[in-house]
Amino acid sequence: MFERLMERGRRLGARQPREAARRLAEAAAGEAPGGVGVEASGEGVRLVGRNLTRRMLNEPALRWLIERVR
């Protein structure tokens, strides 16, 4: 009886986390330091770039971005 309603709820529930990750990645991409990319992934938001571990230690802007994305 409620199969269609339950299926719609499942689809919406699966889509909302992806949409939220996409919006967060778009917002954070504008504030990322040079050479750092921000992308939505299946698990949330991911920062990509070379030497991110070293850069996180040396660049306050990158630490600020990581805290903001959390």
Side-chain angles (χ1 to χ4, degrees):
M1 180 173 165
F2 292 106
E3 291 85 16
R4 284 184 11 194
L5 181 61
M6 296 206 30
E7 180 58 32
R8 181 173 183 243
R10 274 194 284 282
R11 282 193 315 266
L12 288 173
R15 186 176 64 199
Q16 287 181 349
R18 288 190 307 262
E19 290 293 320
R22 183 189 57 76
R23 286 192 308 268
L24 181 58
E26 286 176 1
E31 302 190 29
V36 176
V38 182
E39 59 186 37
S41 70
E43 299 172 355
V45 176
R46 178 175 29 183
L47 299 177
V48 293
R50 296 183 66 179
N51 300 316
L52 285 179
T53 303
R54 179 187 55 80
R55 290 183 67 185
M56 187 183 81
L57 295 172
N58 295 325
E59 295 181 31
L62 187 55
R63 289 193 303 270
W64 177 84
L65 180 65
I66 290 170
E67 285 300 317
R68 184 159 187 229
V69 170
R70 267 191 203 176

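Across all their heavy atoms, Ala32 and Val38 have their closest contact at CB-CG2, 4.0 Å. In terms of heavy atoms, Arg55 sits closest to Arg50 at CD-O, 3.6 Å. Summarising the geometry of Glu39 relative to Ala25, their closest heavy-atom pair is C-CB, 3.9 Å, with the distance given to 0.1 Å. In terms of heavy atoms, Val45 sits closest to Ala21 at CG2-O, 3.6 Å.
Between Leu65 atom CG and Glu59 atom CD the span is 10.5 Å, to the nearest 0.5 Å. Note that CG of Leu52 is 11.0 Å distant from CG of Leu57, once rounded to the nearest 0.5 Å.
The side chain to side chain contact (heavy atoms under 4.5 Å, CB included) search around Glu26 returns Arg22, not counting sequence neighbours.
Formation of a donor-acceptor pair under 3.5 Å by the Arg63 side chain with backbone atoms of Met56 is found in this model.
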